[in-house]
Amino acid sequence: MTCMKIDGKAIALSIREEIAARVEALKEKGVTPGLAVILVGNDPASEIYVRNKGIACEKAGMRSEIIRLPEDTTQEALESEIARSNADGGIDGILVQLPLPKHLDERRALNAILPEKDVDGFHPVNAGKLLAGEKTVVPCTPKGCMRLLAEAGIETEGKEAVVIGRSNIVGKPMALLLTQANCTVTVCHTRTRDLKAHTRRADILVSSVGKAGFVTPDMVKPGAAVIDVGISRVDGKVCGDVAPEVAEVAGALTPVPGGVGPMTIAMLLENAVEAAECRA
Ligand code: GUN
């Protein structure tokens, strides 16, 4: 079986070129899209993600404001930063990088973002619209996964899809999007019994676990499309959830790095530009 490598890096690059053109068009109308990213504390992985988001923004011609708050920031101080960005007419999108330090209430912080500036799609108004099938901002990582499937020409109609992970950031919205694309969807998680019995039925398998090598070849249906959302580090090397030997069984596979990661950033820029287009 030859396995197609789904090149997220290349697909994201071409999307970012389209976004740069949309940014130019907005600037001609006097609107520069602006994204505020709020980072609390010094988590090294979050530091890297936030820095990359800022660089991508600026490369697309957008304004990027990275707001760094100390580890011991209070809930009130965090919410007052969010309120400042809500009120800033030059900021179209606000992102609070997760996870937050344990003493902070994540839900309260996300609820404080104006729904029209919520480029992550995590506000309950936007999450509710997604559930109801209304047009809304779609969370970046699952939106990027759907775009990868489309770009790779993978048919979703009537297919069995299995999502491993039930987070608000990936698993739950991913399951909704696959359902909207007419897949029959199963969501598996840490309490699932006989995980392999489920995953082996999947024509489309999405793994969002965060454990290197978690998905092994015996868990994969021959010819399946496998989307690897996991990112972990083993001896300093970035690894996905999917063991490399899965390429001998799968029909298509996203690499890590260079698969879903670059798409998450491209979708963030797209969500921010859409918010700016609404302002214009
Ligand atoms: N942490 C990991 N993924 C994400 C994401 O998509 N958005 C935010 N805000 N934080 C994250």
Side-chain angles (χ1 to χ4, degrees), residues 8 12 15 34-57 64-69 73 78-79 81-82 85-86 91-102 104-115 117-127 130 136-148 163-177 206-211 227-233 238-241 254 256-257 259-272 274-275:
I15 293 170
L35 176 69
V37 178
I38 302 176
L39 173 63
V40 186
N42 338 299
D43 178 65
S46 291
E47 271 286 345
I48 295 169
Y49 297 145
V50 165
R51 197 175 59 226
N52 288 341
K53 286 168 184 175
I55 293 169
C57 246
S64 146
E65 188 182 341
I66 297 178
I67 300 158
R68 290 169 199 280
L69 301 174
T73 297
L78 171 60
E79 288 179 24
E81 277 304 327
I82 295 169
S85 294
N86 279 341
I91 290 294
D92 298 286
I94 304 170
L95 180 151
V96 175
Q97 185 64 30
L98 303 177
L100 288 170
K102 288 210 162 45
L104 294 172
D105 184 335
E106 187 171 295
R107 202 63 259 174
R108 251 182 68 190
L110 296 177
N111 291 8
I113 299 172
L114 279 178
K117 293 195 178 189
D118 166 36
V119 280
D120 262 324
F122 296 163
H123 191 284
V125 165
N126 292 323
L130 184 67
T136 186
V137 55
V138 175
C140 307
T141 299
K143 185 181 184 184
C145 293
M146 294 305 291
R147 195 69 71 84
L148 285 176
V163 179
I164 316 176
R166 54 176 157 177
S167 68
N168 291 337
I169 297 180
V170 182
K172 287 184 208 167
M174 191 74 228
L176 288 173
L177 294 173
V206 181
S207 182
S208 171
V209 175
K211 284 188 189 154
I227 306 293
D228 190 349
V229 183
I231 296 185
S232 34
R233 244 167 236 277
V238 176
C239 297
D241 286 351
T254 63
V256 176
V260 173
M263 291 299 287
T264 296
I265 293 187
M267 295 300 102
L268 171 65
L269 299 182
E270 191 172 270
N271 286 349
E274 272 165 25

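One-based numbering, in listed order, for ligands and for the atoms of each. In this text the structure is predicted, and so the values were computed from the model without any measurement.
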Between the side chains of Thr136 and Asn126, is a donor N or O closer than 3.5 angstrom to an acceptor N or O? yes
Return the CD1 to CD distance between Ile66 and Gln97, rounded to the nearest 0.5 Å. 10.0 Å
How long is the gap from CD1 on Ile38 to CG on Leu95, to the nearest 0.5 Å?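 Ile38 atom CD1 to Leu95 atom CG measures 8.5 Å (nearest 0.5 Å).
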Qualifying residues under side-chain contact (heavy atoms from CB on, under 4.5 Å), relative to Leu100, sequence neighbours excluded: Val40, Leu78, Val96, Leu98, Leu104, Glu106, Ala109
Salt-bridged, Arg68 to Glu81, with N to O below 4.0 Å?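 Between Glu81 and Arg68 there is no salt bridge, as every charged N stays at least 4.0 Å from the carboxylate O atoms.
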Test item: Lys117 side-chain N/O and Ser85 main-chain N/O as donor-acceptor pair under 3.5 Å: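 Checking the backbone N and O of Ser85 against the side chain of Lys117, a donor-acceptor pair under 3.5 Å is found.
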List, pair by pair, the atoms of ligand 1 and of the protein that are both N or O and lie under 3.5 Å apart, giving the separation rounded to 0.1 Å.
from: ligand 1; atom 1: 1 (N); to: Gln97; atom 2: NE2; distance (Å): 3.3
from: ligand 1; atom 1: 1 (N); to: Leu98; atom 2: O; distance (Å): 2.9
from: ligand 1; atom 1: 7 (N); to: Asp120; atom 2: OD1; distance (Å): 3.1
from: ligand 1; atom 1: 7 (N); to: Asp120; atom 2: OD2; distance (Å): 3.3
from: ligand 1; atom 1: 9 (N); to: Val96; atom 2: O; distance (Å): 2.8
from: ligand 1; atom 1: 9 (N); to: Asp120; atom 2: OD2; distance (Å): 2.6
from: ligand 1; atom 1: 10 (N); to: Leu98; atom 2: N; distance (Å): 3.1

